Amino acid sequence: MRRFFAGLAALQMLAVVTQFFLAASGAFDTAPNDESFQPHRALGGGIVLIAVLLTVVAAIARMPGRLIGMSGLVAGLAVVQFVIKGIATALDGTAGGLVFGLHAVNGLAIVAVTGTIIRQARQLSRPAMQLSKPATPARQAP
């Protein structure tokens, strides 16, 4: 189950990196409009689902509490992305643009936390190395 968790965390990172690509594709479209960002929005919902699933799998796999918490944090940060967009849209103008800048900063936080999760999950999914003492030769009496 721990290997599955590590694989799911890697899938989450792949989705987040793809999210940055889709955002850039929408922003640098010849005529950026609401339609240009549709794939970005759709994958955003998928990232929330993956993060929630990751949190549930972490709990079922009895991962350390800190790792379960970080998985939940990613889910929360992903939801905050939608909140930031809503606030920025409501404000409009310069203030909306400044608030919307937090969307990218929050995205970087998601990358950082997901990277930490992957690193720790890989360490926990590796089989424990057995430390054995080398056999010592028996002492012979002089």
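Nothing here was measured: the structure is a model prediction, and the numbers come from that model. Just so you know, these numbers use all the heavy atoms, side chains as well, and skip hydrogens, waters and symmetry mates.
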ask   = Transitively linked via ILVMFWY side-chain contacts under 4.5 Å: Leu49 with Leu53?
value = no
task = With the side chain counted from C-beta on, respond yes when Leu108 and Phe20 share a heavy-atom pair under 4.5 Å apart, and no when they do not.
result = yes
Exercise answer: donor-acceptor pairs, residues 111-120 side-chain atoms, under 3.5 Å, sequence neighbours excluded:
from   : atom 1 : to     : atom 2 : distance (Å)
Thr114 : OG1    : Gln12  : NE2    : 3.4
Thr114 : OG1    : Ile110 : O      : 2.8
Thr116 : OG1    : Ala112 : O      : 3.1

request  = Look only at the side chain of Arg2 and the backbone of Arg62, and say whether a donor-acceptor pair between them is shorter than 3.5 Å.
outcome  = yes
request  = Heavy atoms only: give me the nearest Ala59-Ile68 pair and the separation to one decimal.
outcome  = CA-CD1, 3.8 Å
What side-chain donor-acceptor pairs closer than 3.5 Å can you find for residues 71-90, not counting sequence neighbours?
from  : atom 1 : to     : atom 2 : distance (Å)
Ser71 : OG     : Leu67  : O      : 3.0
Gln81 : OE1    : Asn106 : ND2    : 2.8
Gln81 : NE2    : His103 : O      : 3.0
Thr89 : OG1    : Lys85  : O      : 2.8

query = With the 4.5 Å side-chain cut-off for hydrophobic clustering, are Val56 and Leu54 part of the same group?
reply = yes
inquiry  = A quick test of your reading: do over 12 heavy atoms of other residues, nucleotides or ligands sit less than 6.0 Å from CZ of Arg122?
reply    = no
request  = Identify whether Met70 and Phe4 are in the same connected component of the hydrophobic contact network (ILVMFWY, side-chain heavy atoms under 4.5 Å).
outcome  = yes
note = Between Phe37 and Gly26, the two heavy atoms sitting closest are CZ-C, 3.4 Å
Single-linkage hydrophobic cluster, 4.5 Å side-chain cutoff, Ile50 and Val17 together = yes
ask   = Honestly curious: do Leu124 and Met13 fall in one hydrophobic cluster under the side-chain, below-4.5 Å linking rule?
value = yes
ask   = What distance do Ile60 atom CD1 and Met1 atom CE have between them, rounded to the nearest 0.5 Å?
value = 5.0 Å
